[in-house]
Amino acid sequence: MNVRGRFITFEGIDGAGKSSHIEPLAAWLRGRGHHVLVTREPGGTPLAETLRGLVLHQPMDALTESLLVFAARRDHLGQSIQPALDAGTTVLCDRFTDATFAYQGGGRGFDMQTLSQLEAMVHPGLQPDLTLWFDLPAALAAQRRAAARAADRFESESPAFFERVQAGYAARAAAEPRRFKRVDAAPSQAEVWAQVSAAVQAVLR
Ligand code: TYD
């Protein structure tokens, strides 16, 4: 029987730079003989990608937003993440439930208890083995975003929203220090990569 694969998630406020490290990490792991699935949330299946389009571009309230990201997550887990983990594949996922607590809970101020109930309903007993939290001050992330492409519903939010998202991540990291690895996202890409690869090596040992 296969050993269950590792589930590694990437988190941080928009502009923190997490996405630039996912493909290099996948290549690095493949070079070491791992089977790797790279995926993202909301998204990762045809249905979840359709829901992503709605969440990122259609106006809606925070409960609807929360239900849609969890609906997308349920499909993604059932169709893609869980079968991959069961087959021994390492799954690298760009955002997961911590993003819901940070964005809908922190950013939107939506009820965390309800989010915990949805989490328990959608993935009882499953948590990432490692969550890389790309930590960057909200003001610096805003500068990086300003240089990037057209903003979606989240990226066009106020500085105060991103401060709350940032606080949401900090609270999640403090509550689960074993699962979370804080990556200082401020230095050069090479320095950030050194932190990422060290954290992943530690969990693969
Ligand atoms: P993001 O990883 O930033 O995609 P891209 O790099 O293509 O912009 O994710 C899209 C947005 O979705 C991001 O602004 C955060 C938001 N989001 C939530 O609000 N809740 C969630 O549960 C997830 C997974 C993402």
Please give me the minimum heavy-atom distance between [X] and [Y], naming the atom from each residue.
| X | Y | result |
| --- | --- | --- |
| Ala16 | Arg144 | O-NH1, 3.4 Å |
| Ala48 | Gly43 | CB-O, 3.3 Å |
| Gly107 | Val165 | CA-CG2, 3.8 Å |
| Glu155 | Ala150 | OE1-O, 3.7 Å |
| Ser20 | Gln189 | CB-NE2, 3.7 Å |
| Thr39 | Gly44 | OG1-CA, 3.4 Å |

Would you say the side chain of [Y] lies within less than 4.5 Å of the side chain of [X], judging by non-hydrogen atoms?
| X | Y | result |
| --- | --- | --- |
| Ile22 | Arg40 | no |
| Leu126 | Gln82 | yes |
| Leu92 | Leu37 | no |
| Thr89 | Leu85 | no |
| Val91 | Arg6 | no |
| Leu25 | Trp193 | yes |
| Cys93 | Phe7 | yes |
| Val200 | Leu130 | yes |

Side-chain heavy atoms nearer than 4.5 Å, only ILVMFWY residues, links allowed to pass through others: does that put [X] and [Y] together?
| X | Y | result |
| --- | --- | --- |
| Phe101 | Leu118 | yes |
| Val38 | Val203 | yes |
| Leu47 | Met60 | yes |

Subject >> Euclidean distance, His123 NE2 relative to Ile81 CD1, rounded to 0.5 Å >> reply: 9.0 Å
Original post:
Atom CG of Leu29 and atom NE2 of His35: how far apart are they, to the nearest 0.5 Å?
Top reply: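 Between atom CG of Leu29 and atom NE2 of His35 there are 12.5 Å.
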Please tabulate, one pair per line, all N/O donor-acceptor pairs under 3.5 Å involving side-chain atoms of residues 63-75, not counting sequence neighbours.
residue	atom	partner	partner atom	Å
Thr64	OG1	Asp61	OD1	2.7
Glu65	OE1	Gln104	NE2	2.6
Glu65	OE1	Arg108	NE	3.0
Glu65	OE2	Arg108	NE	3.3
Glu65	OE2	Arg108	NH2	3.1
Glu65	OE2	Arg153	NH1	3.1
Glu65	OE2	Arg153	NH2	2.8
Ser66	OG	Ala62	O	2.7
Arg73	NE	Glu41	OE1	2.5
Arg73	NE	Thr97	OG1	3.4
Arg73	NH1	Thr97	OG1	3.3
Arg73	NH1	Thr100	OG1	2.9
Arg73	NH2	Glu41	OE1	3.0
Arg73	NH2	Phe96	O	3.4
Arg73	NH2	Thr100	OG1	3.1
Asp75	OD2	Thr45	OG1	2.5

**OP:** Would you mind checking if Arg4 and Asp129 are paired as a salt bridge, meaning a charged N to carboxylate O distance below 4.0 Å?
**Re:** yes
Subject >> Carboxylate-amine/guanidinium contact Arg164 Glu157, below 4.0 Å >> reply: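 Judged by the 4.0 Å cut-off on N to carboxylate O distance, Arg164 and Glu157 do not form a salt bridge.
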Test your reading of the model: is there a side-chain donor-acceptor pair from [X] to the backbone of [Y], 3.5 Å cut-off?
| X | Y | answer |
| --- | --- | --- |
| Gln201 | Ala198 | no |
| Thr50 | Pro46 | yes |
| Ser116 | Met112 | yes |
| Gln166 | Leu136 | yes |
| Arg32 | Trp28 | yes |
| Ser80 | Leu77 | no |

Original post:
Would Asp98 and Thr9 count as a side-chain hydrogen bond (donor to acceptor under 3.5 Å, both in side chains) if you check the C-alpha gap in whole Å, the side-chain angles of each, and the deciding distance to 0.1 Å?
Top reply: CA-CA 9 Å; Asp98 296 305; Thr9 59; 4.6 Å; no
**OP:** Would you please name every residue forming a ring-ring contact (aromatic ring centres under 6.0 Å, His included) with Phe162, sequence neighbours left out?
**Re:**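 So Phe162 forms no ring-ring contact (aromatic ring centres under 6.0 Å, His included) with any residue.
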Subject >> Pairing residues for His76 by the ring-ring contact (aromatic ring centres under 6.0 Å, His included) criterion, not counting sequence neighbours >> reply: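 Result, ring-ring contact (aromatic ring centres under 6.0 Å, His included) vs His76: none returned.
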**OP:** Any chance you could lay out the side chain to side chain contact (heavy atoms under 4.5 Å, CB included) test for Val183 and Asp135, step after step, and finish with the verdict?
**Re:** CA-CA 6 Å; Val183 172; Asp135 184 16; over 6 Å; no
Original post:
So, Arg179 versus Thr131: side-chain donor-acceptor pair below 3.5 Å or not?
Top reply: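 Yes - a donor-acceptor pair under 3.5 Å links their side chains.
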**OP:** May I ask you to check whether Glu191 and Ser188 show a side-chain donor-acceptor distance below 3.5 Å?
**Re:** yes
**OP:** Please list all pairs passing the salt bridge (Lys or Arg N to Asp or Glu O under 4.0 Å) test where one or both residues lie in residues 19-31, with sequence neighbours left out.
**Re:** none
Original post:
Any salt bridge (Lys or Arg N to Asp or Glu O under 4.0 Å) pairs touching residues 109-126, not counting sequence neighbours?
Top reply: Glu119-Arg172
Subject >> Qualifying residue, where the test is side-chain contact (heavy atoms from CB on, under 4.5 Å) with Phe134 and the options are Val196, Asp184, Ile13 >> reply: Val196
Original post:
Got a sec, which residues hit salt bridge (charged side-chain N to carboxylate O under 4.0 Å, His left out) with Arg145, two or more places apart in sequence or on another chain?
Top reply: none
Original post:
Between Tyr103 and Tyr169, how do the two ring planes meet: parallel, tilted or perpendicular, split at 30° and 60°?
Top reply: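 Perpendicular: the ring planes of Tyr103 and Tyr169 meet at over 60°.
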Original post:
Given Lys18 and Glu11, is the side chain to side chain contact (heavy atoms under 4.5 Å, CB included) satisfied, shown in steps?
Top reply: CA-CA 7 Å; Lys18 63 184 167 48; Glu11 298 285 359; 5.6 Å; no
